[in-house]
Structures are given as C-alpha cells and as structure tokens.
Protein chains: 2
Amino acid sequence: MTTNAARVLAHPSREEIRVEGVLHALSDPVRLRIVRQLAGATDEQACSRFDLPVSKSTTTHHFRVLRENGVISQFYRGTAKLSCVRTEDLDALFPGLLDSVLGGADLQAERLGQG
Amino acid sequence: MTTNAARVLAHPSREEIRVEGVLHALSDPVRLRIVRQLAGATDEQACSRFDLPVSKSTTTHHFRVLRENGVISQFYRGTAKLSCVRTEDLDALFPGLLDSVLGGADLQAERLGQG
DNA sequence: ATAAAACTACGACGATCCTCGTACAATGGA
DNA sequence: TCCATTGTACGAGGATCGTCGTAGTTTTAT
C-alpha cells in the first residue's frame with residue numbers, strides 16, 4: 001500500500017488554539033469523560049479502550065472535536081488511533097486551565113457520588 | 001405597586017452548578033467578554049453598561065445563560081439589573097477554574113493584539 | 001487471498017443554540 | 001399623570017450540535 005494522506009491527521013498549531021474552542025470542547029459530558037481518562041493515563045490510548053455510552057460513529061465525532069479544538073493530538077498505529085492530551089500546548093497557552101477543569105471534574109464526580 | 005414575583009430571579013444553588021454548564025456558558029465569545037468585564041470591575045454592573053456587538057434581546061439571552069449556569073448572580077435595582085460573578089461559589093466548587101479561564105482569555109487577547 | 005479489527009465518511013434526524021425584531025412590563029423622575 | 005429608561009417575553013429563522021446506522025477504508029493476522 002502506498003502511504004495514505006487521509007491517515008495524516010490535521011491538528012491546529014499552538015497559535016491557532018482558542019480558549020473558547022477549548023471550553024466548548026470540554027463542555028460536553030462525553031468529551032470531558034474522554035479527556036479525564038486520557039489525562040489519568042500515563043501514555044496514549046486507543047479510541048477503542050474507551051467505554052462510552054454512545055455509538056462508534058459518535059465516538060469518532062467527539063474525538064475529532066477534541067482534536068480540532070486543540071485539546072488532544074492523535075496519530076495512527078496500525079489499525080488503532082492513539083490519542084493524548086496536548087498538555088504542553090494547553091499549559092503554555094492557558095496556564096492552569098486544564099488542571100483546574102480536571103480537578104473540578106474530579107471534585108464534582110466525588111460530590112455526585114460516581115467518581 | 002405590589003412586589004412582582006417575576007422580578008425575583010431564579011439562581012441555581014451552589015450544589016446544582018455543573019462544570020459542564022460553566023464551561024458551556026464561558027465558551028461563547030460574547031459571554032466570555034461579559035464575564036471578563038464583570039471580573040475586572042470592583043462591584044456589580046448593570047447590563048446596560050456593556051457595549052456588546054449584539055442586540056438587546058440577545059444580550060438578555062446571554063446574561064440569562066450565565067445566570068442559569070451559575071456563573072453570575074443578578075438582582076434588580078430600580079429599572080437596572082445588576083450582575084456579578086459568583087466567585088465564591090465557583091472557587092469553592094472548581095478551585096482555580098475561573099482564574100485560569102480569565103487569565104487564559106487575557107493572554108489570548110494580548111497574543112491576538114486586541115486586549 | 002481472506003477475514004477480522006479499528007476507525008471513517010456520509011447523510012439524516014431532532015435538539016439546542018445564537019440571533020433578531022416587535023411588543024410589552026416595571027421602575028423612577030418630571 | 002406621562003414619559004423615558006431598562007430590561008423581558010415571545011416567536012421566528014438559520015446555524016450548529018449530538019446522535020445514529022450503514023457502508024466503506026486501512027491495516028494486520030491467518
């Protein structure tokens with residue numbers, strides 16, 4: 001097989017990331033859950049390792065929204081698509097934002113008794 | 001005039017505020033601008049003191065979204081409706097979130113040259 | 001070559017969202 | 001009382017969003 005261009009995923013550069021876009025990306029329950037799981041892991045994870053209450057196409061959609069808004073980066077490895085949070089970029093652009101969102105989500109989950 | 005019940009505004013209690021709702025409320029450019037202006041002032045401000053690029057009805061809408069998601073509190077004084085950020089509640093629920101959003105917005109405005 | 005695994009592209013549906021204009025309500029001052 | 005100020009309620013239009021199923025692509029293993 002020749003290399004497939006569609007397998008190279010487009011990411012916004014650091015300068016293109018907007019705080020409104022990041023907040024919007026994180027404001028959906030499914031996507032917030034994805035980011036929490038990604039941030040809790042030590043390395044990148046495949047989309048298939050997420051147990052989400054939505055269909056597979058919807059899962060694809062949510063990962064794309066996160067990527068297009070600069071929250072995660074993704075790349076292919078075999079048939080799998082791996083994701084990780086763009087911690088370095090987000091911390092540089094919006095210091096403390098990611099941590100406080102994740103911390104706030106943790107507190108809320110604790111408070112609602114379903115951490 | 002007798003007291004009008006419609007003039008008493010409904011606010012979510014602290015326990016009802018959700019991080020997803022707060023993020024959603026802050027993810028709109030107009031609303032983020034409102035909150036930045038509110039946070040930059042020392043006391044509460046009337047809606048009419050905001051110079052926004054939308055109509056008056058749309059302004060009302062955005063203030064309501066902010067209030068219903070627990071970001072601001074509002075009360076009437078005469079014909080004016082005053083607003084202020086629910087700093088104490090937000091800091092208790094999601095420590096550091098408000099500050100990092102505001103700080104990130106400031107940095108972004110600086111970076112884009114229209115602070 | 002065949003099949004399985006992982007993910008995507010596309011179109012569709014209903015819900016929500018942002019916006020507006022118009023008409024209305026509440027307050028305070030002349 | 002009359003009017004100006006301030007904000008609301010309502011309905012509407014158009015855009016975006018979240019969801020899905022189906023069909024298809026890419027890769028790896030057999």
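In the text below, chain A, chain B and the rest are named by the order of the sequence lines, each starting its count at 1. These values consider heavy atoms only, across backbone and side chains, with no hydrogens, waters or symmetry-generated copies.
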**Prompt:** Choosing from C:dC7, D:dG7, D:dT19, which nucleotide comes nearest the side chain of A:Y76?
**Reply:** C:dC7
**Prompt:** When B:T87 is tested against each of B:L38, B:I72, B:L98 for side-chain contact (heavy atoms from CB on, under 4.5 Å), which residue passes?
**Reply:**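 It is B:L98, the one option of B:L38, B:I72, B:L98 that forms the side-chain contact (heavy atoms from CB on, under 4.5 Å) with B:T87.
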Tell me: [atom1] of [X] to [atom2] of [N], nearest whole Å?
X: B:D28; N: C:dT16; atom1: CG; atom2: P; value: 18 Å
X: A:I72; N: C:dC7; atom1: CD1; atom2: P; value: 12 Å
X: A:L9; N: D:dT26; atom1: CG; atom2: C1'; value: 13 Å
X: A:H62; N: C:dC7; atom1: NE2; atom2: C1'; value: 16 Å

**Request:** Under the salt bridge (Lys or Arg N to Asp or Glu O under 4.0 Å) rule, what do B:D106 and B:R36 come out as? Steps first, then yes or no, please.
**Result:** CA-CA 9 Å; B:D106 284 348; B:R36 290 181 72 204; 2.7 Å; yes
**Asked** Side-chain donor or acceptor of B:K56 under 3.5 Å from a matching atom on the base of D:dG7?
**Response**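 Indeed, a donor on one side and an acceptor on the other fall under 3.5 Å apart.
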**Message:** So for A:T58 and D:dG18, does any side-chain atom that can act as donor or acceptor lie under 3.5 Å from a complementary atom in the base?
**Reply:**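 Answer no: no donor N or O sits under 3.5 Å from an acceptor.
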Measuring to OP1 and OP2 of [N], would you say a side-chain N or O of [X] lies under 4.0 angstrom away?
X: A:R64; N: C:dC7; answer: no
X: A:T79; N: C:dA6; answer: no
X: B:R31; N: C:dC18; answer: yes

With a non-hydrogen cut-off below 4.0 angstrom, is [X] in contact with a base, only sugar-phosphate, or nothing?
X: A:H61; result: base
X: B:S48; result: sugar-phosphate
X: B:S57; result: base

**Request:** Hey, which sits more toward the 5' end of DNA chain C by its nearest nucleotide, A:R49 or B:H24?
**Result:**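 This one resolves to A:R49.
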**Message:** Can you see whether A:E44 engages A:Q74 through a side-chain donor-acceptor pair at a distance of less than 3.5 angstrom?
**Reply:** no
**Nearest-0.5 Å distance, CD of residue A:E68 to CD1 of residue A:I17** =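 It is 12.5 Å, given to the nearest 0.5 Å.
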**Request:** Identify, between A:S55 and B:Q74, the residue whose nearest nucleotide on DNA chain D lies closer to the 5' end.
**Result:**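 Here B:Q74 is the residue nearer the 5' end.
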**Message:** Return whichever of A:G78 or A:S27 has its heavy-atom-nearest nucleotide of DNA chain D closer to the 5' end.
**Reply:**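 It is A:S27 whose nearest nucleotide is closer to the 5' end.
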**Message:** Hydrophobic clusters here meaning ILVMFWY residues chained together by side-chain heavy-atom distances under 4.5 Å, can you tell me if B:L32 and B:L107 are in one?
**Reply:** no
